Amino acid sequence: MSSSTSSGHQAFEDYKEVQSRRELLINEVHELRQQLIAVSQAKEDMRLALNGVKRLPDKEANVWLNSGGMFIKCPSDNAVRIMQEDQGELLKEIDSLRDAIQKNSAALQRLEGKSTSIDLNAID
């Protein structure tokens with residue numbers, strides 16, 4: 001067997017490995033985007049619910065919250081505080097998902113030889 005056949009086989013194996021990594025990154029980016037959409041929708045739902053509770057005419061009224069699969073009755077001012085904390089957690093999760101999408105997209109671009117973006121996180 002000649003060295004050109006051996007190097008051709010190695011080139012094919014390298015190509016398969018790159019394509020496999022590319023496919024994996026594409027799937028990860030897609031899944032992260034789906035998660036981002038779901039969390040963004042939850043944040044929007046939370047925003048609407050929070051505004052609804054804030055607009056209650058009776059600030060002393062009790063409201064029902066669904067927390068961890070349980071319904072809890074609590075004063076509206078406590079509900080507002082809890083919902084604002086939850087909204088903060090959702091914002092952190094959104095930022096984390098966006099960072100992961102950006103990181104995987106940059107890795108995909110490097111893998112495809114299209115490294116035209118600047119990684120500003122590396123400057124920190």
Side-chain angles (χ1 to χ4, degrees):
M1 188 174 267
S2 70
S3 65
S4 65
T5 305
S6 176
S7 65
H9 179 69
Q10 182 60 41
F12 179 70
E13 290 300 318
D14 291 345
Y15 173 79
K16 282 185 2 182
E17 184 178 327
V18 167
Q19 290 304 315
S20 175
R21 177 75 178 137
R22 180 178 173 271
E23 186 175 332
L24 180 67
L25 284 169
I26 289 170
N27 287 336
E28 286 178 19
V29 168
H30 177 71
E31 288 174 17
L32 289 168
R33 285 182 177 165
Q34 294 302 315
Q35 290 175 14
L36 180 61
I37 290 168
V39 174
S40 295
Q41 183 61 51
K43 182 188 76 98
E44 178 63 16
D45 293 345
M46 181 69 70
R47 185 188 68 79
L48 292 172
L50 184 59
N51 285 338
V53 172
K54 285 181 179 179
R55 289 188 181 136
L56 287 175
D58 182 9
K59 299 300 178 191
E60 303 292 319
N62 286 330
V63 295
W64 287 94
L65 289 179
N66 184 354
S67 176
M70 297 183 345
F71 282 99
I72 302 169
K73 189 174 186 177
C74 63
S76 62
D77 57 341
N78 285 353
V80 167
R81 181 185 51 77
I82 291 168
M83 293 168 78
Q84 286 173 335
E85 290 172 3
D86 287 351
Q87 195 171 36
E89 291 298 318
L90 289 172
L91 289 172
K92 287 179 189 176
E93 189 172 347
I94 287 171
D95 288 342
S96 174
L97 287 168
R98 286 181 177 158
D99 289 345
I101 289 170
Q102 184 180 20
K103 178 183 159 191
N104 285 340
S105 295
L108 182 60
Q109 286 181 344
R110 281 191 305 274
L111 192 63
E112 293 176 342
K114 300 178 185 175
S115 184
T116 58
S117 64
I118 299 172
D119 184 11
L120 296 177
N121 291 332
I123 295 173
D124 293 340

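From a predicted model like this one, the values you see are computed outputs, not experimental measurements.
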**Q** Throw together a table of side-chain donor-acceptor distances under 3.5 angstrom for residues 18-29, partners on residues two or more places apart or in other chains.
**A**
{"from": "Arg22", "atom 1": "NE", "to": "Glu112", "atom 2": "OE2", "distance (Å)": "2.7"}
{"from": "Arg22", "atom 1": "NH2", "to": "Glu112", "atom 2": "OE2", "distance (Å)": "3.4"}
{"from": "Asn27", "atom 1": "ND2", "to": "Glu23", "atom 2": "O", "distance (Å)": "3.4"}
{"from": "Glu28", "atom 1": "OE1", "to": "Asn104", "atom 2": "ND2", "distance (Å)": "3.3"}

**Q** Quick one: side chains of residues 68-92, donor-acceptor pairs under 3.5 Å with protein atoms, not counting sequence neighbours, listed by atom name and distance.
**A**
{"from": "Ser76", "atom 1": "OG", "to": "Lys59", "atom 2": "O", "distance (Å)": "2.6"}
{"from": "Arg81", "atom 1": "NH1", "to": "Glu85", "atom 2": "OE2", "distance (Å)": "3.3"}

**Q** Rounded to the nearest 0.5 Å, what separation is found between the CD1 atom of Ile101 and the CG atom of Leu97?
**A**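 Going from the CD1 atom of Ile101 to the CG atom of Leu97 covers 6.0 Å.
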**Q** Got a second to check how far Glu93's CD is from Lys43's NZ, nearest 0.5 Å?
**A**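 Reported value, rounded in 0.5 Å steps: 12.5 Å.
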**Q** Considering residues at least two apart in sequence or located in another chain, which fulfil the salt bridge (charged side-chain N to carboxylate O under 4.0 Å, His left out) criterion with Arg33?
**A**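 So Arg33 forms no salt bridge (charged side-chain N to carboxylate O under 4.0 Å, His left out) with any residue.
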**Q** Is the shortest heavy-atom distance from the side chain of Asp99 to the side chain of Lys103 under 4.5 Å?
**A**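 Not in contact.
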**Q** In the single-linkage hydrophobic clustering (I, L, V, M, F, W, Y; side-chain heavy atoms under 4.5 Å), do Met46 and Val53 co-cluster?
**A**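 Linked, Met46 and Val53 end up in one cluster.
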**Q** At what distance, to the nearest 0.5 angstrom, does CD1 of Ile37 lie from CG of Leu32?
**A**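 Going from the CD1 atom of Ile37 to the CG atom of Leu32 covers 11.5 Å.
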**Q** How many angstroms lie between NZ in Lys54 and CG in Leu56, if you round to the nearest 0.5 Å?
**A**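 Output value for this atom pair is 12.0 Å.
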